[in-house]
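Take a look at the structure set out below.
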Amino acid sequence: MLNFPTILSSQSVGYELPPKQSFETIPFEYINGFIVVDVIFNKTFPLKFILDTGATNTIISKKNIVQLFDMPFGRTFQVYGADLSTVLYAHLVKSVHLATEALVAPSQDILVLEEDYFNFHRVTGLEIHGVLGADMFARFRMKIDFKHKIITLHNEKSKKLKIKGFQSVEMVVQKSKPYIVCQTTLSNETVLDTKLLIDTGASTALMLNTSTDESLVLPPKIIPGNLGLGLGGVIEGYIGRVPYLELGSNMLENVVCRFQEVTPHDSLSLVFRNGIIGNFILDRFTVILDYPNQRLYIKPNKKWTRKFIFDKSGINFISIGLGKKTYYVNSLIEHSPAALAGVESGDIILKVNHKYSAMMSYDKIKKSFQGKTGKTIKLKLKRGKEKIKVDFKLKDLI
């Protein structure tokens, strides 16, 4: 969900496999729907990047890291924010050395944001330094194994990539980004072929842009909310469900969907799409993105039919600390269980069901708020100098 100009050059070809190797693996962490990879910057700094098939270029969001190496900034680009109209800025830096395990990109051109517009730490609890874009891996056949948390990059001639048992889906690569067409059944029983960007940088299941087709109407049961994290802030819209999404021959039911009302576009490329398919669908499969041959291969895991869950508390919270974390109520859904119980924006969450929040991961707290309908949640909050206890029962909101 990034909107950048293409800066690829013949000297910037992404990862290179070791000599005589046809493939190599990269371990990752999977945190709140983000694929997080360890990267060594300029042979010195260990950093954390998000793998993002929805980004054309590799991006560093921490300008001060580049400044430490006294690396010259080249051309400055205008980029578009989460609302697709706010203008932000990024700088080109050439010939950066990036390494991951046995893989090396010895001379990579990257973009460096003028400010950290992402603020990924708010939704991961980790210091995230940027994203690995398609310029790092789009020459490969990339396998993402969510179960074992391993990415494998195979060259086009690799005989080690086994696709037996996988289903093949036609994929088109435009401006280095992968797209597929899925049949989507809407709440009014309209069945629509939707062109979706495969976006591993999206901590969501499905997002549809209602202005791309007049048939894309909102379902009757929706809530206004934050659709995700983008440049310059959150993406606003509505959250609801679509009855069915057909991915290959796999029918996904009652899918949580974020509906955005503005028309998306890739800056300077104008690639049409109806929406995106994110990690909360992709992680139900082992996924192979065969960029050279423009094919997607998917193999369902054992829990691929599990229900799509969504927050049942009404609390949108963020992490505002690293190490010893602090969780802060950023916003509330009106008339939600938490709002009716007296939780307010700005409250600091001290305890969740008698457990200290500072000892809990972002994912753990989020899953508590996605628990069984009717389950009681007890919170201890700090509001200014006052400490408050509230409790409420989880309720289906969509």
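Count residues from 1 along the sequence. Hydrogens, waters and symmetry mates are skipped; everything else that's a heavy atom, side chains included, is used.
With sequence neighbours left out, the ring-ring contact (aromatic ring centres under 6.0 Å, His included) criterion links Tyr30 to Phe146. Phe41 meets the ring-ring contact (aromatic ring centres under 6.0 Å, His included) test with Phe69; sequence neighbours excluded. Considering only residues two or more places apart in sequence or on other chains, Asp193 meets the side chain to side chain donor-acceptor pair (under 3.5 Å) condition with none of them. The side chain to side chain donor-acceptor pair (under 3.5 Å) check on Lys195 picks up Gln174, with sequence neighbours excluded. Taking the ring-ring contact (aromatic ring centres under 6.0 Å, His included) definition, one finds that His154 meets it with Phe23, sequence neighbours left out. Every residue meeting the side chain to side chain donor-acceptor pair (under 3.5 Å) condition with Asn188, not counting sequence neighbours, appears here in chain and number order: Thr190. In this structure, Asn279 has no side chain to side chain donor-acceptor pair (under 3.5 Å) partners at least two apart in sequence or on a different chain.
Taking 4.0 Å as the cut-off between side-chain N and carboxylate O, Asp283 and Arg306 count as a salt-bridged pair.
Annotation: ring-ring contact (aromatic ring centres under 6.0 Å, His included) contacts involving residues 355-389, sequence neighbours excluded, comprise Phe317-Tyr362, Phe317-Phe369. Sequence neighbours left out, not one pair with a member in residues 181-214 passes ring-ring contact (aromatic ring centres under 6.0 Å, His included).
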Can you give each donor-acceptor pair under 3.5 Å made by side-chain atoms of residues 388-398, sequence neighbours left out, with the distance rounded to 0.1 Å?
from	atom 1	to	atom 2	distance (Å)
Lys393	NZ	Thr376	OG1	3.1
Asp396	OD1	Thr373	OG1	3.2
Asp396	OD2	Thr373	OG1	3.3

Show every donor-acceptor pair shorter than 3.5 Å between a side-chain atom in residues 338-347 and any protein atom, with sequence neighbours excluded, or say none if there are none.
from	atom 1	to	atom 2	distance (Å)
Asp347	OD1	Arg383	NE	2.7
Asp347	OD2	Glu344	N	2.8
Asp347	OD2	Arg383	NH2	2.8

Ignoring hydrogens and angles, write down the donor-acceptor pairs under 3.5 Å from the side chains of residues 287-295, residues two or more places apart or on other chains.
from	atom 1	to	atom 2	distance (Å)
Asp290	OD1	Asn293	N	3.2
Asp290	OD1	Asn293	ND2	3.2
Asp290	OD2	Asn293	ND2	3.0
Gln294	OE1	Val173	N	2.7
Arg295	NE	Ser168	OG	2.9
Arg295	NH2	Ser168	OG	2.6

